[in-house]
Amino acid sequence: MSRVTLKSVGKIYSGNVRAVKDFNLEIESGEFVVMVGPSGCGKSTTLRMIAGLEEISEGTIQIGDRVVNDVPPKDRDIAMVFQNYALYPHMTVYQNMAFGLKLRKFKKAEIEPRVREAAEILGIEELLERRPKALSGGQRQRVAVGRAIVRKPAVFLFDEPLSNLDAKMRVQMRTEISRLHNRLQTTMIYVTHDQVEAMTMGDRIVVMKDGLIQQVATPTELYDNPVNSFVAGFIGTPPMNFFTVTLIDDHGTPTLQEESVAIPVPPEWRQAVAPYHGREVTLGVRPEHIGSPTAEAMPGLPRLKARVEVVEPMGSETYVYLNTGRNAFIARVDSHWQGRVGSSVDMAMLLTKGHLFDPASGQVIV
């Protein structure tokens, strides 16, 4: 049983600095949960409290049916993979992977098959006699993961394990960690500041900011239905565009007034936006819903008049950076898009894919 439950968990440092506040989460046995957020949001502190490397200030943490608040890290049945690999330079790969089992008084006959099995899973059998200095960054990270696998823990904890790797190796390693989870079916809790890692790896994602959980959901739910503007802007590459607009009455039709265009409010939004008449609101629209072939092919859509500032060809698509005068935004368009820097363009917008947010609280209106 490897369910992990956090109830009202908090961490307070000296000077009454709250790093984590009222953290509540249930992680099911075998689930892959990713905690993501900007630096300083409390995600690594939360992971270290689960591991027992940080004392909790309030609340309870359970692993399985056991409260582990006062249980030492070595007795929590967890294995942790760190950002910096933490390999012993004087030991071979085999010795590094076997070291934790030797400390736990495993017999040689038990250690050998565990290390060989982990090496086979990770494709590092030919590296077992090398020392860390003879390995690439990706190979060292595989060894660090292998050291965790041989323990056969109830829960794997990963603390930004790919941040020291180059972009290509990060893509490869995140695929391998996902494959590893599918093979082992062990509970995994993974911390990263990279939302692409979070979106591609997690069964569920915990988005954090300032020590608080903002939203817990599947990647698709987070992307399609963010609960506030922080989540909407953090999840997605390029990030969601935010337009400052004013809700006005245009001859009886509620309308979002942007400097370059007046956008009639869809009927299904009108009840929700009624309290905001005469006020500014924030309109959020993702880049792929502006100027895309789908949008351009649909008649009657609102069109943003804007000046092209930067064009970034990405191969399969193009990112266009534009400015209406009041709002800057990004459109993700077809790779053969013909606009030029400095030109004025009209970009169709799929408003039905958009979101409205309260500008003060950031909470979603509709």
[X] and [Y] ion-paired at < 4.0 Å:
X: E117; Y: R183; answer: no
X: R204; Y: E31; answer: yes
X: K152; Y: E110; answer: no

Straight-line distance of [X] [atom1] to [Y] [atom2], nearest 0.5 Å:
X: T5; Y: E28; atom1: OG1; atom2: CD; result: 8.0 Å
X: Q95; Y: L87; atom1: CD; atom2: CG; result: 12.5 Å
X: R104; Y: F99; atom1: CZ; atom2: CZ; result: 10.0 Å
X: M201; Y: R174; atom1: CE; atom2: CZ; result: 8.0 Å

Are [Y] and [X] connected into the same hydrophobic cluster when the rule is that any two of I, L, V, M, F, W, Y join if their side-chain heavy atoms are below 4.5 Å apart?
X: M173; Y: M97; value: yes
X: I27; Y: L47; value: yes
X: V285; Y: F329; value: yes
X: V245; Y: I365; value: yes

| said: For a quick check under 3.5 Å, do E54 and T45 share a side-chain donor-acceptor pair by atom type? | reply: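 There is no such pair (donor and acceptor under 3.5 Å, judged by atom type) between the side chains of E54 and T45.
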| Any luck finding a side-chain donor-acceptor pair between S29 and S2 under 3.5 Å? |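 Checked: S29/S2 side chains pair up, N/O donor to acceptor below 3.5 Å.
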Would a 4.5 Å heavy-atom cut-off, applied to side chains only, mark [X] and [Y] as touching?
X: V9; Y: T46; value: no
X: I12; Y: V17; value: no
X: Q139; Y: V93; value: no

Over 12 non-hydrogen atoms of neighbours within 6.0 angstrom of [atom1] in [X]:
X: E126; atom1: CD; result: yes
X: K7; atom1: NZ; result: no
X: E55; atom1: CD; result: no

| How are the rings of Y88 and H90 set relative to one another: parallel (under 30°), tilted (30 to 60°) or perpendicular (over 60°)? |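 Rings of Y88 and H90: perpendicular, as their planes differ by over 60°.
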| task | Given side chain to side chain donor-acceptor pair (under 3.5 Å), test E112 with Y94 step by step and report yes or no. | result | CA-CA 9 Å; E112 174 87 14; Y94 183 98; 2.9 Å; yes
| Are any side-chain N or O atoms of R147 and backbone N or O atoms of Y85, one a donor and one an acceptor, separated by less than 3.5 Å? |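 Looks like yes, one N/O pair under 3.5 Å.
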Could you go through residues 287-301 and list every donor-acceptor pair under 3.5 Å that involves a side-chain atom there, pairing it with any protein atom two or more places apart or in another chain?
unit_1: E288; atom_1: OE1; unit_2: Y223; atom_2: OH; d: 3.4
unit_1: E288; atom_1: OE2; unit_2: Y223; atom_2: OH; d: 2.3
unit_1: S292; atom_1: OG; unit_2: E288; atom_2: O; d: 3.3
unit_1: S292; atom_1: OG; unit_2: A295; atom_2: N; d: 3.2
unit_1: E296; atom_1: OE1; unit_2: R303; atom_2: NH2; d: 2.7
unit_1: E296; atom_1: OE2; unit_2: A348; atom_2: N; d: 3.1

| field | Candidate list V36, V231, T218, test side-chain contact (heavy atoms from CB on, under 4.5 Å), partner I205, passing option | value |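 Answer after filtering V36, V231, T218: V36.
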| Under the criterion side-chain contact (heavy atoms from CB on, under 4.5 Å), which of T192, V191, V145 is the partner of F158? |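 Checked T192, V191, V145 against F158; only one passes side-chain contact (heavy atoms from CB on, under 4.5 Å): V145.
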| Remaining members of hydrophobic cluster (4.5 Å side-chain criterion), V196 |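 Reading the cluster by chain and number, V196 sits alone, since nothing else belongs.
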| Residue list, side chain to side chain contact (heavy atoms under 4.5 Å, CB included) with L53, at least two apart or on another chain |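 Counting only residues at least two positions away or on another chain, L53 forms a side chain to side chain contact (heavy atoms under 4.5 Å, CB included) with R48, A51, P73, M80, F82.
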| Name the one of E197, R170, Q83 that satisfies side chain to side chain donor-acceptor pair (under 3.5 Å) with S163? |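 By the side chain to side chain donor-acceptor pair (under 3.5 Å) criterion, S163 pairs with just one of E197, R170, Q83: Q83.
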